[in-house]
Amino acid sequence: MEGAGGDTDSIVAPFAKWRNEFSRTFQYYLDRSTPYPMERWLGTLAASAIYMLRVYYAQGFYIVSYGLGIYILNLLIGFLSPKVDPELEVLDGASLPTKGSDEFKPFIRRLPEFKFWYSITKAFCVAFLMTFFSVFDVPVFWPILLCYWVVLFVLTMKRQIMHMIKYKYVPFSVGKQRYSGKKSAASSSGILKD
């Protein structure tokens with residue numbers, strides 16, 4: 001009986017080694033992609049285009065697309081929401097700064113950009129793989145699903161925007177804020193120095 005167990009161990013060991021190597025290599029390239037958000041998002045855009053072409057040419061898998069849309073909407077809410085909910089802070093006595101004299105609290109997302117990107121990219125890849133299995137091609141009238149998703153998106157974003165306005169936070173910033181110093185008297189008067 002020990003020989004039979006030894007055979008499975010000899011089969012499993014190379015697979016485990018390969019899985020660990022693959023995982024380590026994948027994590028290495030994932031870490032290297034971190035400082036390149038534009039390139040990462042362009043790759044995700046390409047993956048989404050490939051998925052949409054697959055759905056268009058297959059003329060099906062609308063349930064998979066609907067599920068993908070709901071999942072992306074859920075990720076978007078996490079991306080736009082602060083890590084600490086201001087409504088709960090108000091109940092605890094602490095709140096976001098509303099005046100210049102209040103303490104500065106930077107906006108920290110509940111779902112960081114990298115995890116947002118990674119989750120969306122992974123979702124498109126999984127959805128693409130699902131389109132190769134006919135069990136996921138449930139016949140539905142897709143315009144109703146599309147209308148329902150649009151209504152859900154509009155209502156959710158309206159609620160999120162109202163939350164942003166109420167607690168005065170903006171989840172977007174473009175780069176580091178730069179301040180320009182006072183201009184010299186010569187440059188403000190139009191005199192150029194050679």
Side-chain angles (χ1 to χ4, degrees), residues 14-85 106-164 169-177:
F15 177 72
K17 183 180 177 184
W18 176 83
R19 190 184 69 198
N20 287 339
E21 279 294 317
F22 176 78
S23 177
R24 206 173 307 125
T25 304
F26 181 74
Q27 189 63 45
Y28 171 76
Y29 286 111
L30 199 60
D31 291 343
R32 294 221 25 202
S33 72
T34 303
Y36 304 105
M38 180 65 73
E39 289 82 0
R40 285 189 282 118
W41 282 104
L42 286 174
T44 301
L45 187 64
S48 66
I50 290 169
Y51 171 75
M52 286 187 267
L53 285 172
R54 170 74 179 143
V55 169
Y56 176 76
Y57 285 118
Q59 293 293 312
F61 301 100
Y62 302 120
I63 290 291
V64 174
S65 298
Y66 177 73
L68 178 65
I70 295 294
Y71 181 70
I72 290 173
L73 181 61
N74 187 29
L75 291 173
L76 185 62
I77 292 169
F79 181 70
L80 296 176
S81 299
K83 188 173 186 177
V84 179
D85 192 4
F107 181 81
I108 300 171
R109 300 177 191 286
R110 186 179 339 149
L111 181 66
E113 183 270 336
F114 185 81
K115 288 184 179 178
F116 179 57
W117 164 80
Y118 181 66
S119 298
I120 285 180
T121 305
K122 194 166 49 170
F124 273 111
C125 292
V126 168
F128 180 74
L129 290 175
M130 289 173 74
T131 62
F132 291 100
F133 299 99
S134 61
V135 70
F136 298 114
D137 191 12
V138 179
V140 292
F141 187 61
W142 67 267
I144 290 177
L145 285 179
L146 180 64
C147 289
Y148 183 67
W149 186 85
V150 167
V151 167
L152 193 62
F153 179 81
V154 168
L155 292 176
T156 303
M157 286 299 108
K158 178 183 174 191
R159 187 185 65 174
Q160 189 67 32
I161 290 170
M162 296 305 290
H163 192 266
M164 289 179 203
Y169 66 90
V170 179
F172 302 107
S173 63
V174 181
K176 189 174 181 180
Q177 191 172 9

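The model shown is predicted, which means the values in this text are computed figures rather than measured ones.
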Seminar exercise, completed: What one should report as the nearest heavy-atom pair of Gln160 and Leu80 is NE2-O, 3.5 Å

Exercise. Got Val64 and Leu68 here, is their nearest side-chain heavy-atom distance under 4.5 Å?
Worked result: no

Exercise. Is atom CH2 of Trp149 surrounded by more than 12 heavy atoms (other residues, nucleotides or ligands) closer than 6.0 Å?
Worked result: yes

Problem set entry | Inter-residue atom distance Tyr66.OH - Leu145.CG, 0.5 Å rounding | 6.5 Å

Exercise. Going through the checks in order, is the side-chain contact (heavy atoms from CB on, under 4.5 Å) test met by Tyr51 and Thr131?
Worked result: CA-CA 9 Å; Tyr51 171 75; Thr131 62; 3.8 Å; yes

Exercise. Got a sec: does the OH of Tyr36 have more than 12 other heavy atoms crowding it under 6.0 Å?
Worked result: no

Exercise. Roughly how far, to the nearest 0.5 Å, is the CG atom of Leu30 from the OG1 atom of Thr25?
Worked result: 12.0 Å

Seminar exercise, completed: Here the gap from Thr121 atom OG1 to Trp41 atom CH2, rounded to the nearest 0.5 Å, amounts to 6.5 Å

Seminar exercise, completed: Note: Thr34 and Phe114 closest approach over all heavy atoms is OG1-CE1, 3.6 Å

For this session: Work out which heavy atom in Phe61 is nearest to a heavy atom in Asp137; give both atom names and the distance.
Result: N-OD1, 2.9 Å

Exercise. Between Leu111 and Leu75, which heavy-atom pair has the shortest distance, and what is it?
Worked result: CD2-O, 3.5 Å

For this session: Indicate whether the side chain of Ser33 and that of Arg40 have a donor and an acceptor atom separated by less than 3.5 Å.
Result: no

For this session: Please tell me if the side chains of Phe116 and Leu76 come closer than 4.5 Å, counting only heavy atoms from C-beta onward.
Result: yes

Problem set entry | Interatomic spacing from CE in Met157 to CE in Met164 - rounded to 0.5 Å | 7.0 Å

Exercise. Below 6.0 angstrom between ring centroids: does that apply to Trp117 and Phe79?
Worked result: no

Seminar exercise, completed: Rounding to 0.5 Å, atoms CZ (Phe26) and CG (Asp31) come to a distance of 10.0 Å

Exercise. Is there a donor-acceptor contact under 3.5 Å linking the side chains of Tyr28 and Arg32?
Worked result: yes

Exercise. Does the Ser23 side chain pair with the main chain of Asn20, one donor and one acceptor, at a distance under 3.5 Å?
Worked result: no

Exercise. Taking the six-membered ring for Trp, is the centroid-to-centroid distance between Phe132 and Phe136 below 6.0 Å?
Worked result: no

For this session: Identify the heavy atoms of Gln59 and Tyr56 that sit nearest to each other, and give their distance.
Result: NE2-O, 2.6 Å

Problem set entry | Distance (rounded to the nearest 0.5 Å) between Tyr148 OH and Ile70 CD1 | 7.0 Å

Problem set entry | Within-4.5 Å side-chain heavy-atom neighbours: Tyr62 and Leu146 | no

